[in-house]
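First the structure, in the form of structure tokens, and then the observations on it.
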Amino acid sequence: MDRTTMDLWVGLFVAAGIVALIGLAMKVGNLTSDHLGDTYTVSAHFDDIGGLKPRAPIKSAGVVVGRVDSIQFDSKRYDAVVKLKIDKSYKFPKDTFASINTSGLLGEQYVTLEAGGDTEMLEEDGKGKIEHTQPALVLEKLIGQFVSSKAEGDSSTPQNTMEDAQ
Amino acid sequence: MLKRTTETLRGIGHRFINRIWRLGTAARFFWRILRRSTDKPMRLIKLTVHEMYATGVLSLVIILVSALFVGMVLGLQGYNTLQRYGSADAVGVLVALSLVRELGPVVTALLFAGRAGTAITAEIGLMKTTEQLSAMEMMAVNPIARVIAPRFWAGVISMPLLAAMFSMVGVLGGYLVAVPLLGIDAGSFWSQMQTSVDFRVDIVNGVIKSFVFGVACTIIALFEGYDAPPTAEGVSRATTRTVVNSSLAVLGLDFALTSFMISV
């Protein structure tokens with residue numbers, strides 16, 4: 001094989017490899033969808049974060065507005081401090097309500113922000129704090145509550161009928 | 001009794017020292033390649049392009065066909081299991097993550113060792129057997145700079161490119177099975193994949209892995225060829241050792257790299 005055809009093949013090979021890499025980044029990975037511009041950080045305290053992980057999406061009205069930056073345990077309040085990175089183009093009022101939800105029954109967990117009616121906005125200097133939060137729904141707790149309430153209901157029914165009969 | 005025990009122990013010790021000795025020779029060989037790579041940069045680039053044709057372009061067919069089938073099988077198997085839990089849509093995530101993180105770099109490296117590594121070992125071993133390498137030295141041409149270094153760089157550059165193509169074609173294979181054949185929605189296939197596959201954590205780490213595997217596979221193939229006893233049997237044994245050692249090195253390195261990457 002002569003030199004020029006070989007060069008051509010190698011050139012095609014390298015180009016195809018780079019295209020595959022870009023394809024992976026754009027089509028398979030989240031390089032395009034993940035692009036948050038400038039962000040600001042606010043913190044929120046949760047009693048229970050469930051299975052929330054760093055980099056989980058923050059959604060408002062279903063639209064991704066940011067990502068969870070870090071999760072730490074607050075040893076003074078004995079709860080979790082979640083730092084939320086929110087895109088600078090989205091501003092939220094001070095009385096915004098944050099909750100942790102699950103997509104689908106067993107899917108990944110994300111933070112939902114619901115805007116309140118305050119006229120003042122959350123500070124963008126990193127000191128912003130979301131006061132109203134709702135902890136994650138933990139499936140085991142929910143089932144536990146359901147089972148115990150069911151058990152109470154069952155034991156009370158025969159008693160009632162007995163009382164009625166008397 | 002005592003004599004037999006000492007004899008056995010001596011045998012073990014001898015083999016152990018030999019292994020370490022060989023490892024040291026290989027490390028010095030690696031260092032010599034790196035040092036000789038700066039000799040004549042223009043010639044090295046030209047020769048590397050030439051070698052990339054042999055290691056990269058000619059490996060394309062087996063890599064791409066394997067990738068397509070690996071992706072399709074992953075799609076079928078993933079669908080079968082995920083569908084029981086009502087999350088068949090996540091099959092794209094399964095295919096993409098397993099390809100980008102593990103199968104892409106590892107399977108590419110194993111195929112590369114079998115396809116290109118053996119060719120390199122046999123070629124260099126035969127060059128040594130027919131005294132072409134010594135002849136080069138006679139003509140004041142350094143065989144490391146002229147023969148070994150271009151093959152090394154060709155392998156190191158080709159591997160990440162091949163692994164990226166493997167992952168991409170594998171994902172397309174998974175798509176072919178999941179969307180037209182099993183009827184999963186194309187939108188949720190891609191969008192779930194994009195929310196779960198992270199560029200930095202998954203794709204870049206996959207590229208780092210395949211780069212490390214490229215260095216390991218190529219250096220093993222080159223060293224086995226360069227170190228082969230100059231006989232027909234010696235070359236054939238060296239070729240076998242290339243495949244065995246490269247595969248073991250790739251799998252061991254994969255575990256080590258993954259444990260580092262997961263903990264970060």
Side-chain angles (χ1 to χ4, degrees), chain A residues 1-37 39 51-59 62-70 85 101-112 139, chain B residues 45-46 48-60 63-64 67 85-87 89-90 92-93 95-97 99-100 104 108 154 157-172 174-175 189-204 206-207 210:
Chain A
M1 185 171 295
D2 70 298
R3 182 91 225 172
T4 45
T5 21
M6 195 175 275
D7 285 350
L8 179 69
W9 274 109
V10 173
L12 277 176
F13 169 71
V14 173
I18 291 168
V19 166
L21 207 59
I22 293 171
L24 279 179
M26 296 295 174
K27 190 82 184 165
V28 178
N30 51 2
L31 201 59
T32 41
S33 57
D34 192 40
H35 192 72
L36 293 175
T39 56
L52 192 73
K53 291 194 178 67
R55 299 197 41 76
I58 302 165
K59 295 181 186 180
V63 181
V64 177
V65 294
R67 299 230 166 235
V68 172
D69 190 33
S70 69
K85 259 194 171 162
N101 296 37
T102 311
S103 60
L105 192 57
L106 300 165
E108 61 163 359
Q109 295 196 299
Y110 61 93
V111 177
T112 303
L139 207 60
Chain B
I45 290 169
K46 250 172 74 180
T48 303
V49 169
H50 187 97
E51 291 307 325
M52 274 179 76
Y53 181 78
T55 50
V57 178
L58 294 182
S59 304
L60 264 184
I63 298 275
L64 296 187
Y85 304 100
S87 42
D89 285 348
V93 179
V95 171
L97 279 184
L99 276 167
V100 169
T108 307
I157 297 169
S158 297
M159 185 75 91
L161 297 174
L162 286 172
M165 283 187 242
F166 188 100
S167 300
M168 195 66 225
V169 173
V171 168
L172 292 179
Y175 174 84
F189 181 87
W190 290 116
S191 72
Q192 290 216 15
M193 194 187 286
Q194 281 167 2
T195 48
S196 306
V197 180
D198 183 61
F199 178 73
R200 172 65 196 83
V201 174
D202 297 316
I203 297 175
V204 173
V207 174
S210 61

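Remember, predicted model here, so these are calculated numbers, not experimental data.
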Toward chain A, the part of B:V93 with a non-hydrogen atom under 4.5 Å: neither
Atom pair CG/CE of A:D7 and B:M52 - distance to nearest 0.5 Å: 11.0 Å
Separation between OG1 of B:T55 and CZ of A:F13, rounded to the nearest 0.5 Å: 7.0 Å
B:V201 portion near chain A, given a 4.5 angstrom heavy-atom threshold: neither
Among B:A96, B:G56, B:S196, residue most engaged with chain A (heavy-atom pairs, under 4.5 Å): B:G56
Interface moiety of A:V19 toward chain B, non-hydrogen atoms closer than 4.5 Å: neither
Contact summary for B:A164 and A:L21, nearest pair of heavy atoms: CB-CD1, 3.5 Å
Member of B:D202, B:V197, B:V95, B:L172 meeting the side-chain contact (heavy atoms from CB on, under 4.5 Å) criterion with A:V28: B:V197
Neighbour count >12 (heavy atoms, 6.0 Å) for atom CH2, A:W9: no
Where A:M26 and B:Q194 come nearest, the two heavy atoms and their spacing: O-NE2, 3.6 Å
Verdict with supporting geometry, B:V171 and A:K27, side-chain contact (heavy atoms from CB on, under 4.5 Å): CA-CA 10 Å; B:V171 168; A:K27 190 82 184 165; over 6 Å; no
Residue B:S158 versus chain A: region with a heavy atom under 4.5 Å: both
